[in-house]
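This report concerns only the one structure given below.
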2 protein chains.
Amino acid sequence: MKTALELLDEEGVERLTMRRLAERLGTGSTTLYWHVDTKNDVLDLVLDQLFAEVELPRKDPSDWRGTITALLDGWRAAMLRHPWSAALLGRPMLGPNVLARTEFLHAVLADAGFTPPHMTSAAYALANYVIGAALTQTAWQSRDGSDTYATANQHLHRQRDRYPVLNARGYMVQDDWDANFRRGVTYILDGIAAAKP
Amino acid sequence: MKTALELLDEEGVERLTMRRLAERLGTGSTTLYWHVDTKNDVLDLVLDQLFAEVELPRKDPSDWRGTITALLDGWRAAMLRHPWSAALLGRPMLGPNVLARTEFLHAVLADAGFTPPHMTSAAYALANYVIGAALTQTAWQSRDGSDTYATANQHLHRQRDRYPVLNARGYMVQDDWDANFRRGVTYILDGIAAAKP
DNA sequence: ACCTGAACACCGTTCAAGT
DNA sequence: ACCTGAACACCGTTCAAGT
């Protein structure tokens, strides 16, 4: 069922329609409603399926930072691999695969010696950072022609007295997403480490 | 135009339809297409309108951390005030109000002595954290009946041998969103400060 | 320069009916 | 237990036509 879903999603979110999905499965569109209550259920399923792709790194108790970094990298990579994931994020993530990864993250932090409230807040900060980062990156990259970038740069340059700092430092020019992401993780991990009891 | 928009959005995203919007404006649905090319344009406009609500704090050069914290708090508050904003985040944010806030954030960091690449990465980390945090919170809160929370807790407790850490530490039980968010900001700011040249 | 109506090609979902 | 067809109440968007 869900397996047939990803196939479909490899051609965009907006095209994910009950009718089209049914066609892909070689059945009538209304048949799906026997297996599923509503289209939202389908979206929940496919979202959790995405998280199944995020592999859990080996736990290395001597290097909790490395373990967490590996987890976050995989998480981000999975989301970037499926740009439509951004559109599905506005829903509670309660599927078994999501929960398994959340459990893992908390476990690593607990093993590293963290306790609530810092353990909770650390997981919260890391998860939300990954989500936000993947979301904005896919937003910039998925917009059809991908000339969004050039347009944005022009727009910004034309208004350079309105946005002096952004222009002076070449805000838009850089698109070193990976490096920026990695530095962000470092900031958060540094801050978390400093809060360790 | 956009002014009439927010009125409408106060009744949910899914109900934001060209036909309904036109009705609200006392005109035919197709009339809108003279003012706007596509529904996406409307969404872009309303998203930027949201950022207009985020007020820029007074710049206090002696307290860059306080200034940034104030900006992020306002940003987050605006998004939480309009839960539909989560659904609109999958698009590049290029409206004048968004850019003004981005400029502000970069300016504060520059004034504090940061230079690229850390200035860029710091802004990136902070922005993505806010976006992710607001997104997940609205996801949990907007789901209709709001008993999502109770259901989630039950579900988690029933599977307590599968998710021992989440249960042991009361992952779901807490919902102190504000405190968690604030701690996250502290982590990032600590990490950023440590990277200051 | 602005607004309208009719029309096209879609949607998600329900429901009685079939096997 | 599973699948189907017809039907309902919607969508975004186009386009010729009006003022």
Side-chain angles (χ1 to χ4, degrees), chain A residues 1-50 82-92 94-95 138-139 142-145 148, chain B residues 1-50 82-92 94-95 138-139 142-145 148:
Chain A
M1 188 84 213
K2 291 138 281 176
T3 63
L5 280 187
E6 295 114 307
L7 303 186
L8 195 158
D9 297 40
E10 256 69 321
E11 62 159 304
V13 206
E14 329 223 274
R15 315 216 76 96
L16 173 49
T17 179
M18 293 304 262
R19 283 174 157 93
R20 221 180 287 266
L21 174 58
E23 190 186 1
R24 195 95 157 199
L25 291 165
T27 128
S29 50
T30 62
T31 307
L32 301 178
Y33 286 88
W34 189 89
H35 303 274
V36 120
D37 264 3
T38 170
K39 188 184 175 181
N40 263 315
D41 292 2
V42 177
L43 298 179
D44 284 340
L45 288 172
V46 65
L47 179 59
D48 191 63
Q49 195 60 30
L50 171 87
H82 305 289
W84 44 260
S85 60
L88 305 191
L89 280 177
R91 55 192 65 249
L94 280 175
T138 54
S142 71
R143 196 82 146 187
D144 319 318
T148 323
Chain B
M1 188 85 212
K2 291 137 282 176
T3 61
L5 281 186
E6 296 114 308
L7 304 186
L8 195 156
D9 296 40
E10 256 70 323
E11 61 160 305
V13 207
E14 330 223 274
R15 314 217 75 96
L16 173 48
T17 181
M18 294 302 262
R19 283 173 157 95
R20 222 180 287 265
L21 174 58
E23 190 186 3
R24 195 96 156 199
L25 291 164
T27 128
S29 50
T30 64
T31 308
L32 301 178
Y33 286 87
W34 189 91
H35 303 273
V36 120
D37 264 3
T38 170
K39 188 185 174 179
N40 263 314
D41 292 4
V42 177
L43 298 180
D44 284 338
L45 288 171
V46 66
L47 178 59
D48 191 63
Q49 196 59 31
L50 170 87
H82 305 289
W84 43 261
S85 59
L88 305 190
L89 280 178
R91 53 191 68 247
L94 279 174
T138 54
S142 69
R143 196 82 147 189
D144 320 316
T148 323

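Quick note: numbers below take in every heavy atom, side chains included, and nothing from hydrogens, waters or symmetry partners. Throughout, a chain's letter reflects where its sequence line sits, starting with A, and its residues are numbered from 1.
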Rounded to whole Å, please give me the gap between [atom1] in [X] and [atom2] in [N].
{"X": "A/L21", "N": "C/dG12", "atom1": "CG", "atom2": "C1'", "answer": "13 Å"}
{"X": "B/E23", "N": "C/dG5", "atom1": "CD", "atom2": "P", "answer": "13 Å"}
{"X": "A/L25", "N": "D/dT4", "atom1": "CG", "atom2": "C1'", "answer": "15 Å"}
{"X": "B/Y33", "N": "C/dG5", "atom1": "OH", "atom2": "P", "answer": "16 Å"}
{"X": "B/K39", "N": "D/dC10", "atom1": "NZ", "atom2": "C1'", "answer": "12 Å"}
{"X": "B/R15", "N": "D/dC11", "atom1": "CZ", "atom2": "C1'", "answer": "13 Å"}
{"X": "B/D37", "N": "D/dC15", "atom1": "CG", "atom2": "P", "answer": "13 Å"}
{"X": "A/L16", "N": "C/dC10", "atom1": "CG", "atom2": "C1'", "answer": "15 Å"}

Which value, in whole Å, describes the distance between the C1' atoms of nucleotides D/dC2 and C/dA17? 13 Å
Please determine whether a side-chain nitrogen or oxygen atom of [X] lies at a distance below 4.0 Å from atom OP1 or OP2 of [N].
{"X": "B/T30", "N": "D/dT13", "result": "no"}
{"X": "B/R20", "N": "D/dC11", "result": "yes"}
{"X": "B/H35", "N": "C/dA1", "result": "no"}

Drop me the distance from [X]'s [atom1] to [Y]'s [atom2], to the nearest 0.5 angstrom.
{"X": "A/L94", "Y": "A/L47", "atom1": "CG", "atom2": "CG", "result": "10.0 Å"}
{"X": "B/T17", "Y": "B/K39", "atom1": "OG1", "atom2": "NZ", "result": "5.5 Å"}
{"X": "B/D41", "Y": "B/L43", "atom1": "CG", "atom2": "CG", "result": "8.5 Å"}
{"X": "A/L21", "Y": "A/R15", "atom1": "CG", "atom2": "CZ", "result": "14.0 Å"}

Indicate yes or no: at least one non-hydrogen side-chain atom of A/V46 is less than 4.5 angstrom from one of A/W84. yes
Can you work out whether A/G26 or A/R19 has the more 5'-proximal nearest nucleotide on DNA chain D? A/G26
In Watson-Crick or G-U wobble terms, with both distances under 3.5 Å, the base opposite D/dA6 is C/dT14
Any idea which of C/dT13, D/dC3, C/dC11 is nearest the A/W34 side chain? D/dC3
What's the closest nucleotide to the side chain of B/T31 if the choices are D/dT4, C/dT4, D/dG12? C/dT4
NA contact type, B/S29, heavy-atom cut-off 4.0 Å: base, sugar-phosphate, or nothing? nothing
